Amino acid sequence: MKASELFYPTLREVPSEAEIISHQLLLRAGFIRRTTAGVYSYLPLGYRVIRKIMQIVREEMDRAGGQEVLMPIIQPKELWEKSGRWEVYGDEMFRLIDRHNRGFSLAPTHEELITTLVDADVHSYRDLPLLIYQMQNKYRDEVRPRFGLMRGREFIMKDLYSFDIDENGLDISYHKMYDAYKRIYERLNLKFRVVEADSGAIGGNESHEFMVLADNGESEIAYCENCNYAANVEKAETILLEQDKEDLLELTKIHTPGERTIQDIVDNFNIPAFKQIKTLMYMADEEVVAVILRGDRELNEIKLKNFLACQDLYMADENTVRANCGASFGSLGPVGLNLKVYADTEVTAMYNFACGANVDDYHYINVNVGRDFVPEKILDLRNVVKGDICPECGELLDIIRGIEVGHIFKLGTKYSESMEATFLDASGQAKPFVMGCYGIGISRTMAAAIEQNYDENGIIWPLPIAPYQVIIVPVNVKNAELLKAALSLYEELNQAGIEAIIDDRDERAGVKFKDADLIGIPIRITLGPKSWQEKQVEMKKRWEKDVEFINRDEVLAKVKAIIY
RNA sequence: CGGGGCGUGGCGCAGUUUGGUAGCGCGUCUGAUUUGGGAUCAGAAGGUCGCAAGUUCGAAUCCUGUCGCCCCGACCA
């Protein structure tokens, strides 16, 4: 491709809408343009990257036995009513109405449709297993789209759905996908980690997320260097260390006027946070419940929600709190509380701690579990932190950040049951398909690749997904001999199947270098007047600082050596 | 949905408090001089100031409404 003909409008300044690096660079380098909130056009360079990612994903899906299909994005309301998700999805789902006043969704995912589709034509266990996938736009009316491609309202996803006879079959399909996903991220040349995940609203039990590691990733990953344990902090567990027992002191109520936070009590009563208890009030559907944690811990709402198996979970407002406890936020505690109290496991290892007294401006000290109150249930409810104990091996956990680019679930029969999708097994019995679902955010992967690979000059594309592999820069196109030499080199690379750009624009060298760095082409070949007299060119790898002078005739071989 | 902010040429912004000929930098076009890390000089094009309805002799500026966008939070692949 000739740069003079390529549509890649680069920007010198950072558009004000872009907050994170991938968004800024994608805009500046002319890869994408915003159409409306959370919706983007992919320009030629951006779309090339998308296609490369798709191609790698496609090859690995096919290798694992997947079959690609294309399904509608516009889907009838009835489909979603059948599974119950017309309600469940709420405002997250784009909805539209046709001229006959019929309701439709812009599909956020395709479980309903694929299940219906397979059910219509697959009737026998002999036709299973079946692995069907699609790559296309999906829609989610995010409350707040942000971070460019990272959290769009329209995004490109690959989703594969597996249909099996039973749990054993699902295990096999699941592990095929697990392996395929690892291959994909290895081939994309991204640093990633596979983590145990909460399966969330989609349902099912086993679930893994594939995280591209990046310092400003949205997800936190707890991992163990020692044993490979890795889990999303939403899911990560830890082990309770045995504590020395203490003699139980007498429960005492103290006056704490104006003290509302854990930190207040730390500051003014010299009671460390780990000797206090934090009491949180939640509305679980219609029921008010209390949750207690060590004072310096954070509640993991997902763990709580999963345990309570409720539809809605949110923090109770002040009126509710006062009505149920007789005091406001700063003075809550489990003692004498007439509500179900769910206690984090760690609380059982605490003695003589402080907490609110359910009377404004009063706290208890020397509170003890069992003697002063009895929790409804003791369970793991907190977020793990750096330094917690690995649940697998007992070493210490660390926390790193990542971007979720892939997620695999075992769905079981959740959708096949609600959609009444069955096959006949060997004994002639109708059975629901046992399903799995396996997603990769294609457009998000593009953004994640940048978050992991950039410098102050721009993007540094991993070779497998770079829009072009080589950029040839004749320093001065008015120098006819130089331009001719550059063009001949360009032809040679093209013939050899190397994807190259030649920057034949009549621009100053500095401009060309800046643009080449910005768009992140991995290999730059520069032809300058001086070295060309020796028939030499300059080769620079985008991810390295120094340049190498090589003979013109070596270029193809050297480039191939880097690429393959 | 709660809180905060912004809509002025392609991009980044000033001008709005106190109404009076719409500005700056970058980019774009023309010419000259330049030519290895976003050149210099000279000239030029390009804006219904988000939209609508008001107040006024006069509105980017004041009032009302409306749309869009951004940030923080709750939510999420």
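Here the structure is a predicted model, which means the values were calculated and not measured. Below, chain A is the first sequence line, B the second, and so on; all start at residue 1.
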What is the distance from [atom1] of [X] to [atom2] of [N], rounded to the nearest Å?
X: A:Tyr438; N: B:A77; atom1: OH; atom2: C1'; result: 17 Å
X: A:Leu149; N: B:C76; atom1: CG; atom2: P; result: 22 Å
X: A:Glu154; N: B:C76; atom1: CD; atom2: P; result: 22 Å

Taking atom [atom1] in both [N] and [M], compute the distance separating them and give it to the nearest angstrom.
N: B:A22; M: B:G15; atom1: C1'; answer: 8 Å
N: B:C13; M: B:G9; atom1: C1'; answer: 13 Å
N: B:A59; M: B:A74; atom1: C1'; answer: 40 Å
N: B:C11; M: B:U17; atom1: P; answer: 26 Å

- Message: Taking atom CD as the centre, does A:Glu544 end up with more than 12 heavy-atom neighbours from other residues, nucleotides or ligands that are less than 6.0 angstrom away?
- Response: yes

- Query: Around atom NZ of A:Lys535, are there more than 12 heavy atoms of other residues, nucleotides or ligands at under 6.0 Å?
  - Reply: yes

Describe the nucleic acid contact of [X] in one word from base, sugar-phosphate, nothing, applying a heavy-atom distance below 4.0 Å.
X: A:Val14; result: sugar-phosphate
X: A:Ile440; result: nothing
X: A:Pro529; result: base
X: A:Asp517; result: base
X: A:Gly528; result: base

If the plane angle is over 60° it's perpendicular, under 30° parallel, otherwise tilted; pick one for [X] and [Y].
X: A:Phe307; Y: A:Tyr342; result: perpendicular
X: A:His175; Y: A:Tyr178; result: tilted
X: A:Tyr174; Y: A:His208; result: tilted

Please determine, for the side chain of [X], which listed nucleotide ([options]) has the closest atom?
X: A:Glu19; options: B:C71, B:A39, B:C69; result: B:C71
X: A:Arg140; options: B:A77, B:G38, B:U34; result: B:A77
X: A:Lys478; options: B:G37, B:U35, B:C75; result: B:U35
X: A:Asp515; options: B:A77, B:G38, B:G37; result: B:G38
X: A:Glu301; options: B:U34, B:C75, B:G38; result: B:C75
X: A:Ser16; options: B:C13, B:U35, B:G37; result: B:C13
X: A:Glu404; options: B:G38, B:G36, B:A77; result: B:A77
X: A:Asn457; options: B:C75, B:U34, B:G37; result: B:G37
X: A:Arg12; options: B:G38, B:C71, B:U35; result: B:G38
X: A:Ser531; options: B:U35, B:C75, B:G36; result: B:G36

Any non-hydrogen side-chain atom of [X] less than 4.5 Å from a side-chain atom of [Y]?
X: A:Arg505; Y: A:Val477; value: no
X: A:Arg140; Y: A:Pro145; value: no
X: A:Lys414; Y: A:Met435; value: no

Only pairs with both distances under 3.5 Å count, Watson-Crick or wobble alike; so what is the partner of [N] in this structure?
N: B:G23; result: B:C13
N: B:G47; result: none
N: B:G58; result: none
N: B:C6; result: B:G68
N: B:G73; result: B:C1
N: B:A42; result: B:U30
N: B:U35; result: none

- Task: Sequence neighbours left out, what pairs pass ring pair (Phe, Tyr, Trp, His ring centres under 6.0 Å) with at least one residue falling in residues 516-550 of chain A?
- Result: none

- Is A:Phe155 stacked on the base of B:A77, meaning ring centres closer than 5.5 Å and planes within 30 degrees of each other? yes

- Task: Give a yes/no on whether any side-chain N or O of A:Arg146 is located under 4.0 angstrom from OP1 or OP2 of B:G73.
- Result: yes

- Task: Would you jot down, in residue-number order, the residues of residues 30-46 of chain A having a non-hydrogen atom under 4.0 Å from RNA chain B?
- Result: A:Arg34, A:Thr36, A:Ala37

- Message: Taking the nucleotide of RNA chain B with the nearest heavy atom to each, does A:Pro145 or A:Glu142 sit closer to the 5' end?
- Response: A:Pro145

- Looking at A:Glu111 and A:Arg85, does any basic side-chain N land under 4.0 Å from a carboxylate oxygen? yes

- Report yes or no: is there a donor-acceptor pair, N or O only, under 3.5 Å between the side chain of A:Glu13 and the base of B:G25? yes

- Message: Tell me whether the side-chain N or O atoms of A:Arg524 pair up with the base of B:G37 as donor and acceptor below 3.5 Å, since no angle test is needed here.
- Response: yes

